[in-house]
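Order of the sequence lines fixes the chain letters, A, B, ..., with proteins taken first and strands second; residue numbering starts at 1 for each chain.
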Protein chains: 2
Amino acid sequence: MKHEYFSSVLKKCGVKVTKQRVAILEVFEEGCKPISAEGIFGVLKKSKKVSVDLATIYRNLQVLEAHKVIRRVDLRGDSQLYELGGHHHHHILCTACGATEGFDFCIANTIEKHVVKQSKKFKVITEHAVELFGICSECVSKSKK
Amino acid sequence: MKHEYFSSVLKKCGVKVTKQRVAILEVFEEGCKPISAEGIFGVLKKSKKVSVDLATIYRNLQVLEAHKVIRRVDLRGDSQLYELGGHHHHHILCTACGATEGFDFCIANTIEKHVVKQSKKFKVITEHAVELFGICSECVSKSKK
DNA sequence: CTTGTATTGCAAACTGTTCGCATTACTGTA
DNA sequence: TACAGTAATGCGAACAGTTTGCAATACAAG
Ligand SMILES: [Mn+2]
Ligand SMILES: [Mn+2]
Ligand SMILES: [Zn+2]
Ligand SMILES: [Zn+2]
């Protein structure tokens, strides 16, 4: 069960298993799109199973990110977005309606090699952000009308 | 001269040529690293040639970005960074000291083609963000000591 | 069950950014 | 060059997202 799984994840991190933390992680599971602190807050408030303070959510996002259970996604919004840190992938965002989609394709290695070869300053690369922005088909057809 | 050049850029945009705007653009020219509103504010305050209000800087960053004179750079900081919109390039940031470097290498086309081929939702891609994060050689050698 | 400490909730603080409004200064025209 | 109309500025206040201090709570180890 999910509860069990998230509990074990938290235990492995060496942090306490609180109902707030499990609840937050469960929210990530529901939708596969990156979500903000406020977004999580909204989902939990609506579900009414657990009441979690917004500050608690922010604090836990930090904890969970530090332990790499979740990761930040940079999609140019006005708030920080996070998603479960499972498999490596990137995103494309519709700048018209905000829809997102993930894609597994990643050639960061190629980029990194080139950069390391050419740069004197940087020989160690640890992370990369690759995000695309466009117009989703739905918005395209809307705009044609 | 720079003044002249930036004036003409602003005229082409169809906006007024104010000393504040020219001053802001001149700040971008000095350093080739992305800079924030507060950063520009600091530079201008120190230079003492022109006094520009912070709100004015924010407003102008919006105007200049809208006209593609400058562009936003997403480097995960806590404030928005911008740089002159000249030639297309990407950045690598040292997560230890904050140093940045630009690189021209870009294979976004390849990524975009793959995504468009695989995605049903997205056929139109307009922009991309590709940023690398690592440790610069200086910080690497420091950490070894 | 008891105890020690990590975590929570709540309120207040903080930071980066935006906005309203009166004043100023560009720019086009005469 | 003078003038008028309007875009842009400065200033203060507002705002959104996020962080923090502190007392109360609830995990987890013994
Ligand atoms: Mn995703
Ligand atoms: Mn650059
Ligand atoms: Zn990747
Ligand atoms: Zn590119």
Side-chain angles (χ1 to χ4, degrees), chain A residues 3-4 6-27 34-45 48-67 69-70 72-82 98, chain B residues 3-4 6-27 34-45 48-67 69-70 72-82 98:
Chain A
H3 271 273
E4 301 298 319
F6 287 131
S7 293
S8 75
V9 168
L10 291 169
K11 273 174 198 154
K12 267 174 211 153
C13 295
V15 298
K16 285 188 177 172
V17 180
T18 66
K19 56 178 183 297
Q20 290 86 342
R21 276 181 184 150
V22 174
I24 290 169
L25 285 173
E26 285 179 332
V27 173
I35 190 169
S36 67
E38 202 83 39
I40 294 169
F41 186 64
V43 171
L44 290 180
K45 196 155 59 178
K48 290 184 175 177
K49 290 173 193 166
V50 215
S51 157
V52 184
D53 191 79
L54 192 50
T56 300
I57 294 175
Y58 275 108
R59 276 189 280 236
N60 278 316
L61 289 176
Q62 286 177 179
V63 169
L64 295 170
E65 191 196 6
H67 289 280
V69 176
I70 61 174
R72 275 181 55 178
V73 180
D74 287 315
L75 290 180
R76 294 191 183 174
D78 30 32
S79 59
Q80 228 56 264
L81 301 180
Y82 296 85
Chain B
H3 270 271
E4 302 298 321
F6 287 130
S7 295
S8 75
V9 169
L10 291 169
K11 273 175 198 153
K12 266 174 213 156
C13 295
V15 298
K16 286 190 179 173
V17 179
T18 66
K19 55 179 181 301
Q20 290 87 340
R21 276 181 184 150
V22 174
I24 290 169
L25 285 173
E26 284 178 332
V27 172
I35 190 169
S36 67
E38 201 84 38
I40 294 168
F41 187 63
V43 171
L44 290 179
K45 197 154 60 175
K48 290 186 174 176
K49 290 173 191 166
V50 215
S51 157
V52 184
D53 191 78
L54 192 51
T56 300
I57 294 174
Y58 275 108
R59 277 190 280 236
N60 278 316
L61 289 176
Q62 285 177 179
V63 170
L64 295 170
E65 191 195 6
H67 289 280
V69 176
I70 61 175
R72 273 181 57 179
V73 180
D74 288 314
L75 290 179
R76 295 192 184 172
D78 29 31
S79 60
Q80 228 56 267
L81 300 181
Y82 297 85

Legend entry - Annotated protein contacts, base or backbone, on nucleotides 8-16 of chain C with a non-hydrogen cut-off under 4.0 Å, one of B, S, - each: BBBB----S
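In this structure V9(B) satisfies the side chain to side chain contact (heavy atoms under 4.5 Å, CB included) test together with Y5(B), V69(B), sequence neighbours excluded. The salt bridge (Lys or Arg N to Asp or Glu O under 4.0 Å) test applied to R72(A) returns D74(A), not counting sequence neighbours. The side-chain hydrogen bond (donor to acceptor under 3.5 Å, both in side chains) search around E26(B) returns H3(B), not counting sequence neighbours. For S51(A), the side chain to side chain contact (heavy atoms under 4.5 Å, CB included) test picks out no residue, with sequence neighbours left out. With sequence neighbours excluded, the residues satisfying side chain to side chain contact (heavy atoms under 4.5 Å, CB included) with V43(A) are V27(A), E30(A), I35(A).
At least one side-chain heavy atom of L10(B) sits under 4.5 Å from a side-chain heavy atom of L25(B).
Rounded to an integer number of Å, the gap from H3(A) NE2 to dC27(D) P is 13 Å. Computed from coordinates, the Q62(B) CD to dC19(C) C1' distance equals 10 Å when rounded to whole Å. Counting to the nearest Å, the C1' atom of dA7(D) and the NZ atom of K16(B) are 4 Å from each other. Straight-line distance from the CG atom of L10(A) to the P atom of dA6(C): 16 Å, rounded to whole Å. If you take NZ of K11(A) and P of dT7(C), they are 14 Å apart, rounded to a whole angstrom. Protein atom CZ of F41(B) is 13 Å distant from nucleotide atom C1' of dT9(D), rounded to whole Å. Atom CZ in R76(A) sits roughly 18 Å away from atom C1' in dT17(C) (whole-Å rounding).
For L81(B) and V15(A), each mapped to the nucleotide of DNA chain C holding its nearest heavy atom, the one lying further toward the 5' end belongs to V15(A).
Nearest heavy-atom pair, F41(A) versus V52(A), reported as atom, atom and distance to 0.1 Å: CE1-O, 3.1 Å.
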Name the atoms and distances for all side-chain donor-acceptor pairs under 3.5 Å in residues 56-64 of chain A, with sequence neighbours left out.
unit_1, atom_1, unit_2, atom_2, d
N60(A), OD1, R21(A), NE, 2.7
N60(A), OD1, R21(A), NH2, 3.3
N60(A), ND2, T56(A), O, 3.1

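Atom CD1 in I40(B) sits 13.5 Å away from atom CD in Q20(B) (nearest 0.5 Å).
Bending across the helix from dC1(C)-dG30(D) to dA30(C)-dT1(D), expressed as the angle between its end axes from five pairs apiece, amounts to 40° (10° rounding).
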